[in-house]
Amino acid sequence: MGRINDANPPLTDEDLSEFRPAQDVLPAEVIAAFKSRGGRPVAKNPKVLRSIRLDKDLLDALETTDPNWRQTINDTMRAKVFGENRG
C-alpha cells in the first residue's frame, strides 16, 4: 500500500494553468447556492460587548444553574432599568 499522498500528487504549474473560475464551469444555480446570504439580520437593539465585574459566587451560581445565564442577566437588568419583563 502506498503513502496517503500518492493518490493526490502535488499540482504542477501546468495543472494550475488549466484551472478556471467556478462561474465559468459550474451552472448558475450551483454558484447561487454558494453565494452569501448576508449573515445574521441586523438587530433592532444590538448587543454591545462590555466588561463588568460580578461577585464570583453570584456568577458561579448562575453558570451552574442556568444554561442561558447571560440572557438572564440581560433580562434582569432590563427589568430593573426599564421595568420590562420578557420572561
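Atom set for the values below is all heavy atoms of this structure, side chains included, hydrogens, waters and symmetry mates excluded.
Under a 4.5 Å side-chain heavy-atom criterion applied to ILVMFWY residues, the cluster that includes L16 comprises L11, F19 as well. Hydrophobic cluster membership of V48, counting Ile, Leu, Val, Met, Phe, Trp and Tyr whose side-chain heavy atoms lie under 4.5 Å apart directly or via other members: none, as it forms a cluster of its own. Taking Ile, Leu, Val, Met, Phe, Trp and Tyr as hydrophobic and joining them when side-chain heavy atoms fall under 4.5 Å apart, one finds V42 isolated, its cluster having no other members.
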I'd like a table of donor-acceptor pairs (distance under 3.5 Å, sequence neighbours excluded) in which one partner is a side-chain atom from residues 21-29, with atom names and distances.
none

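For L54, the side chain to side chain contact (heavy atoms under 4.5 Å, CB included) partners two or more places apart in sequence, or in a different chain, are I52, L59, I73. Among residues two or more places apart in sequence or in another chain, the side chain to side chain contact (heavy atoms under 4.5 Å, CB included) test is passed with F82 by R78, E84. Partners of T72 according to the side-chain hydrogen bond (donor to acceptor under 3.5 Å, both in side chains) rule, which considers only residues two or more places apart in sequence or in another chain, are D66. Under the side-chain hydrogen bond (donor to acceptor under 3.5 Å, both in side chains) criterion, K80 pairs with no residue at all, not counting sequence neighbours.
Expressed to the nearest 0.5 Å, how far CG of D75 lies from CZ of R70 amounts to 14.0 Å.
The stretch residues 10-21 participates, sequence neighbours left out, in these side chain to side chain donor-acceptor pair (under 3.5 Å) pairs: T12-D15. Applying the side chain to side chain donor-acceptor pair (under 3.5 Å) test to residues at least two apart or on different chains, the pairs with a partner in residues 53-64 are K56-D60.
When all heavy atoms are compared, the tightest approach of A43 to P46 is O-CD, 3.7 Å.
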